[in-house]
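Reading through the structure tokens given below for one structure.
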Amino acid sequence: MSIRLENIQKHFGRSQALTSTSLHIDNGELIGLLGPSGSGKTTLLRIIAGLESPDAEAGPRILFGERDVTRVHVRDRRIGFVFQHYALFRHMSVFDNVAFGLTVLPRRSRPSSDEIRAQVYRLLEMVQLEHLAARYPAQLSGGQQQRVSLARALALKPEVLLLDEPFGALDAKVRQDLRRWLRHLHDELGFTSVFVTHDQEEALELSDRVVVMSNGRIEQVDTPDQLYRNPANRFVFEFLGDVNHMEGEVREGVLTCGDAKLHVELPEGRQQLLFRPHEVTLSSSADDIAHLPAIVTSVVPVGAEIRVELTAEWMDQPWLATVRHQEASALGLARGKKVYARPLSWHHYPQSTSASAQGTAQPA
């Protein structure tokens, strides 16, 4: 089921939660709504669900396929909703929680008891909890409770599945396992899903496309790969991971900041460059491209890489660099060690426009 949003705007009193927003979600897509608190992502999700109404004066339209559901009540939209805190009935068993939506259907559309039982066990098998059907929510782990919540949402065969911070209350390892499991389930069943998260890794790992939001508006909609490689503006770039900054005056192709110098192809005047930790290389001496002396203040192994923190008088804030174990050993990286940094590539966002430029440090 595709979803099309047109001119969606929302005010709560004098506060504007969403500016005029339009978005198209293809049939079978898994879409992540990503942004900081207050960006409007949960408001947009609740409007899709019918739990909130968009401002009428903006002329909004919400279409599920060709069906206009703008003024359709939430109970008639055929959506499944999974909340962060599970919202399970504590006095009901796992089986009864999953069966609840089916048992309260109008008599004319309610399946028989045998059909309900068969459908519930199919769902519990799908979420790998059939052996816990008789247990109560308090007897389950957080990850198991969230899977029950998902099975309950799927019981009514929704056209659209909506998830609001579905893994936010779980620890890191359980979140990672459930992300893989949800992605597999989504691919197997082929339903259209929209989920809200403020976790960049979660959005990039799970989504077919990510909708990055800020201050009630959409900043960029793209695949995870394109979003990371080609951010539309500075907000997107800085929100999607660690960022190093270098600001200084550019004169005759050299950016100078204190005793640091970097050859760049940029207009004359004050400029700021941004680059990610993996775009920084370290060496024991300067070269013709960069003279960026720094002191190592932290060396932390993270899987196959070493995370290095650098400080210098010319830096406004510490830099981060990621290097391989072999490189770290060859350089003898340790706290207090002097090294020279060099960005292999950089991103530049002019002050007067949201357009971005990318480049590499240039030799003299």
Side-chain angles (χ1 to χ4, degrees), residues 3-25 29-62 70 81 83-84 162-168 193-224 226-245 247 272-276 316-317 347-358:
I3 301 172
R4 190 160 75 250
L5 308 175
E6 299 174 358
N7 305 319
I8 303 300
Q9 185 172 293
K10 182 65 179 179
H11 285 80
F12 293 102
R14 295 183 178 180
S15 175
Q16 186 169 28
L18 283 175
T19 61
S20 185
T21 298
S22 297
L23 177 67
H24 181 79
I25 300 169
E29 267 197 304
L30 178 52
I31 293 289
L33 302 181
L34 174 67
S37 297
S39 61
K41 56 189 185 298
T42 295
T43 299
L44 185 60
L45 189 80
R46 290 175 63 85
I47 286 174
I48 295 172
L51 297 171
E52 299 283 356
S53 298
D55 296 344
E57 57 269 24
R61 287 216 308 165
I62 304 169
T70 311
F81 207 111
F83 298 91
Q84 177 178 349
L162 307 177
L163 307 99
D164 188 9
E165 299 274 10
F167 312 128
S193 305
V194 183
F195 75 99
V196 160
T197 184
H198 63 269
D199 185 318
Q200 298 94 328
E201 182 182 335
E202 187 168 281
L204 296 175
E205 181 180 334
L206 260 180
S207 309
D208 293 316
R209 288 188 298 153
V210 180
V211 179
V212 182
M213 300 186 67
S214 170
N215 296 319
R217 65 177 182 273
I218 292 175
E219 299 285 354
Q220 186 173 354
V221 183
D222 226 322
T223 64
Q226 284 300 309
L227 201 67
Y228 195 82
R229 293 177 182 272
N230 299 299
N233 54 43
R234 180 169 179 156
F235 172 83
V236 176
F237 183 86
E238 294 191 313
F239 190 70
L240 289 177
D242 295 316
V243 180
N244 298 312
H245 301 80
E247 185 170 358
Q272 186 178 67
L273 306 183
L274 293 82
F275 27 87
R276 301 201 183 278
D316 289 334
Q317 56 189 9
H347 303 254
H348 172 245
Y349 296 92
Q351 298 289 335
S352 60
T353 176
S354 63
S356 67
Q358 297 182 28

Measure across [X] and [Y] and return the closest heavy-atom pair with its distance rounded to 0.1 Å.
X: Met213; Y: Pro36; answer: O-CD, 3.5 Å
X: Phe195; Y: Ala203; answer: CZ-CA, 4.0 Å
X: Leu163; Y: Pro166; answer: CB-CG, 3.8 Å
X: Gly216; Y: Thr21; answer: O-OG1, 4.0 Å
X: Asn7; Y: Gly59; answer: ND2-O, 3.6 Å

Hey, are the side chains of [X] and [Y] touching, using non-hydrogen atoms and a 4.5 Å cut-off?
X: Leu240; Y: Leu34; result: yes
X: Gln9; Y: Gln16; result: yes
X: Glu165; Y: Thr197; result: yes
X: Gln200; Y: Tyr228; result: no
X: Gln272; Y: Tyr349; result: no

field: Candidate list Glu219, Glu238, Gln220, test side-chain hydrogen bond (donor to acceptor under 3.5 Å, both in side chains), partner Asn233, passing option
entry: Glu219
First locate atom [atom1] of [X], then atom [atom2] of [Y], and finally report the distance between them rounded to the nearest 0.5 Å.
X: Leu45; Y: Leu162; atom1: CG; atom2: CG; value: 5.0 Å
X: Leu44; Y: Ser39; atom1: CG; atom2: OG; value: 9.5 Å
X: Ile31; Y: Leu23; atom1: CD1; atom2: CG; value: 6.5 Å
X: Asp208; Y: Ile25; atom1: CG; atom2: CD1; value: 11.0 Å
X: Ile8; Y: Ser22; atom1: CD1; atom2: OG; value: 7.5 Å
X: Thr19; Y: Lys10; atom1: OG1; atom2: NZ; value: 14.5 Å

Within the distance-only criterion (no hydrogens, no angle test), does the side chain of [X] pair as donor or acceptor with the backbone N or O of [Y] below 3.5 angstrom?
X: Thr223; Y: Arg209; value: no
X: Asp164; Y: Thr42; value: no
X: Lys41; Y: Gly35; value: yes
X: Thr70; Y: Ile62; value: yes
X: Arg217; Y: Gly40; value: no

task: List for me each residue that meets side chain to side chain donor-acceptor pair (under 3.5 Å) alongside Gln317, sequence neighbours excluded, and say none if there are none.
output: His245
- request: May I have the step-by-step check of side-chain contact (heavy atoms from CB on, under 4.5 Å) for Arg276 and Val243, ending in yes or no?
  value: CA-CA 5 Å; Arg276 301 201 183 278; Val243 180; 3.8 Å; yes
message: Would Arg46 pass as a cation-pi partner of Phe81, given that its NZ or CZ must be under 6.0 Å from the six-membered ring centre and within 45 degrees of the axis?
response: no
task: Quick one: do Leu5 and Ile47 satisfy side-chain contact (heavy atoms from CB on, under 4.5 Å)? Show the steps, please.
output: CA-CA 10 Å; Leu5 308 175; Ile47 286 174; 5.8 Å; no
